[in-house]
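Below, chain A is the first sequence line, B the second, and so on; all start at residue 1.
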There are 2 protein chains.
Amino acid sequence: MKKVLLIDDEERMLELLALYLKPYHYDCRKALGPKEGLQYIEEERFDIVLLDIMMPDMDGWSVCREIRQHSDVPIIMVTAREQKVDIVKGLKLGADDYITKPFNEEELVARMNALLRRAKPGNHVEMDGLLWDRDRFELSYKNQYIKLTPKEFSLIGLLMQNPGRVYSRNQLIDLVWGMYSETEGRTVDSHVRNMREKIREVGFPIDDYFHTVWGVGYKWIRK
Amino acid sequence: MKKVLLIDDEERMLELLALYLKPYHYDCRKALGPKEGLQYIEEERFDIVLLDIMMPDMDGWSVCREIRQHSDVPIIMVTAREQKVDIVKGLKLGADDYITKPFNEEELVARMNALLRRAKPGNHVEMDGLLWDRDRFELSYKNQYIKLTPKEFSLIGLLMQNPGRVYSRNQLIDLVWGMYSETEGRTVDSHVRNMREKIREVGFPIDDYFHTVWGVGYKWIRK
DNA sequence: AAATTAATTTGAAATATTTTAAAAACTGCA
DNA sequence: TGCAGTTTTTAAAATATTTCAAATTAATTT
């Protein structure tokens with residue numbers, strides 16, 4: 001499901017946008033005002049951002065520039081009415097498109113899809129702020145990067161991608177190490193320990209998610 | 001220089017568009033009508049297409065659909081006036097943006113650039129003062145030129161254009177050396193070493209950007 | 001509660017990967 | 001052909017990861 005960040009300083013507009021997008025099964029996060037918006041950007045990964053450019057304490061262009069410091073995420077500016085100069089300014093600052101209020105639902109969704117179509121599809125899973133990204137070979141929590149070894153990285157990736165499923169040590173060895181590996185089951189434990197420790201350090205409640213199934217193996221549980 | 005294909009059935013409009021774009025150094029190809037346009041698409045590679053949707057013998061949407069059969073090239077539709085329904089239809093058929101006549105030069109160029117920015121091959125990238133320029137075959141930092149060999153140059157270009165993404169040695173060999181190369185993975189290391197050394201010499205903090213991902217490969221990180 | 005079984009922790013040895021450095025092979029061109 | 005710059009290969013030194021076994025801790029069974 002695509003994650004959308006809505007940034008506006010009017011509660012009502014946020015609700016309206018979310019309502020529009022609801023039937024299309026986007027996962028909407030509402031940010032009331034630029035500060036909150038930028039904070040979310042720092043903490044999470046989004047597929048697209050809808051940004052209102054008429055906000056009192058910080059104008060949309062500054063927000064646009066700020067976002068571009070951190071991320072390449074597609075940005076659609078939302079403007080009150082057509083103002084050619086502003087549009088050009090926004091596009092130059094790194095926005096990808098704009099749409100004017102009042103807009104119709106269909107056009108909004110069509111524009112979002114046109115942008116999402118161009119975005120490179122990534123291979124990732126996210127759980128309560130913990131992001132596993134195969135393309136980047138990175139695990140991160142709220143923009144803190146957790147340095148993992150290759151085995152640790154594959155291990156957690158497999159588990160996160162199959163929440164609820166138990167894997168025995170031998171299954172994990174087959175899947176992560178590769179079939180016909182001579183490695184012993186106990187070795188998995190060491191990697192699990194090291195991995196848990198590293199993730200605990202950045203403040204993610206790993207023990208709520210990564211469970212030991214006594215006598216069987218390990219599983220990742222979806223909260 | 002970016003290649004632009006203009007498709008319209010009015011000679012006058014083609015001239016006008018070309019005139020608008022002239023100061024921005026685009027390489028414009030004019031196609032009078034949809035047939036000619038589709039023929040060019042088959043014969044040449046373009047960076048972007050400007051497509052008028054009001055043409056008599058074949059409507060713009062059919063052209064749009066046809067183009068998408070052959071190519072992923074970014075398409076901007078040009079419409080006579082705002083017609084919401086039509087816009088949505090075009091976007092759904094694979095167009096990326098639209099602009100209404102009469103339009104202003106600045107907005108047209110801004111929209112083209114926004115699309116070209118997302119399109120894959122960039123001719124230059126800049127990161128914290130380090131400039132990679134394909135047209136000049138030059139890498140420079142604060143006006144100091146760093147002399148690179150062709151392999152080194154492609155290598156850093158690929159990485160800088162895809163910040164965050166890890167590339168394995170084999171992927172790099174496929175992408176830089178070309179598929180089916182017999183070259184060994186370790187060879188990449190040598191080029192990496194030499195390149196790092198040359199860039200370090202001019203004072204750019206290359207080690208903050210160009211990272212080794214242990215057990216996997218290399219990546220460029222955006223700071 | 002004691003006995004049993006399994007998981008975790010620990011640290012050191014074994015392996016694997018990357019870096020460094022230098023030599024060998026190759027390429028385009030005068 | 002021979003040169004100068006480039007690319008590739010190779011081997012060693014430096015780093016980082018993985019493994020494994022012993023000691024400890026925790027959970028389960030009797």
Side-chain angles (χ1 to χ4, degrees), chain A residues 137-139 145-159 166-201 206-221, chain B residues 137-139 145-159 166-201 206-221:
Chain A
F137 202 85
E138 271 175 1
L139 184 74
Y145 292 94
I146 304 161
K147 205 180 162 226
L148 297 183
T149 69
K151 289 283 186 294
E152 291 161 5
F153 184 76
S154 308
L155 214 45
I156 193 175
L158 175 65
L159 279 274
V166 200
Y167 289 92
S168 73
R169 291 174 175 70
N170 283 334
Q171 284 180 307
L172 290 171
I173 287 171
D174 285 350
L175 292 165
V176 172
W177 275 252
M179 206 121 40
Y180 313 126
S181 166
E182 301 290 318
T183 309
E184 290 222 10
R186 290 288 139 230
T187 297
V188 175
D189 299 28
S190 286
H191 291 283
V192 165
R193 181 195 111 74
N194 296 334
M195 197 196 72
R196 278 176 166 156
E197 175 62 17
K198 288 178 184 176
I199 297 175
R200 229 187 314 264
E201 272 172 12
I206 182 70
D207 302 306
D208 295 346
Y209 291 86
F210 192 104
H211 284 204
T212 299
V213 182
W214 214 88
V216 185
Y218 300 99
K219 74 154 80 166
W220 183 276
I221 64 159
Chain B
F137 200 85
E138 270 174 1
L139 185 73
Y145 292 94
I146 303 161
K147 201 174 167 235
L148 297 184
T149 69
K151 289 283 187 297
E152 291 161 3
F153 185 75
S154 309
L155 212 45
I156 193 175
L158 175 65
L159 279 272
V166 199
Y167 289 92
S168 72
R169 292 174 173 70
N170 284 333
Q171 284 180 306
L172 290 170
I173 286 172
D174 285 351
L175 293 165
V176 172
W177 274 252
M179 206 116 44
Y180 313 127
S181 165
E182 299 290 318
T183 309
E184 289 216 15
R186 291 287 139 228
T187 299
V188 176
D189 301 29
S190 289
H191 290 282
V192 165
R193 184 188 112 77
N194 297 335
M195 196 197 73
R196 278 175 166 157
E197 178 61 19
K198 288 177 184 176
I199 297 175
R200 229 186 315 261
E201 273 171 11
I206 182 70
D207 301 306
D208 295 346
Y209 291 87
F210 193 106
H211 284 204
T212 299
V213 182
W214 213 93
V216 184
Y218 298 99
K219 74 157 77 166
W220 183 277
I221 65 160

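The stretch residues 209-218 of chain B participates, sequence neighbours left out, in no salt bridge (charged side-chain N to carboxylate O under 4.0 Å, His left out) pair at all. Applying the salt bridge (charged side-chain N to carboxylate O under 4.0 Å, His left out) definition to pairs two or more places apart or across chains, none involves residues 171-183 of chain A.
Within the helix from C/dA1-D/dT30 to C/dA30-D/dT1, the inter-axis angle between the opening and closing five-pair segments is 40°, rounded to 10°.
Judged as a salt bridge (charged side-chain N to carboxylate O under 4.0 Å, His left out), and not counting sequence neighbours, A/R193 has no contacts. Listed by chain and residue number, B/F153 satisfy the ring pair (Phe, Tyr, Trp, His ring centres under 6.0 Å) test with B/F137 (two or more places apart in sequence, or in another chain). Residues that satisfy the ring pair (Phe, Tyr, Trp, His ring centres under 6.0 Å) test with B/W177, not counting sequence neighbours, are B/H191. Residues meeting the salt bridge (charged side-chain N to carboxylate O under 4.0 Å, His left out) test with B/K198, sequence neighbours left out: B/E152. Listed by chain and residue number, B/F204, B/W220 satisfy the ring pair (Phe, Tyr, Trp, His ring centres under 6.0 Å) test with B/Y209 (two or more places apart in sequence, or in another chain).
Near DNA chain D, meaning a heavy atom under 4.0 Å from it, residues 209-219 of chain A has A/W214 in order of number. In the region residues 182-200 of chain A, proximity to DNA chain C at under 4.0 angstrom, judged on heavy atoms, holds for A/R186, A/D189, A/S190, A/R193, A/R196. Using a 4.0 Å cutoff on non-hydrogen atoms, the parts of residues 168-178 of chain A near DNA chain C are A/R169, ordered by number.
A 4.0 Å heavy-atom criterion places the boundary nucleotides of DNA chain C facing chain A at C/dT5 to C/dT10, written 5' to 3'.
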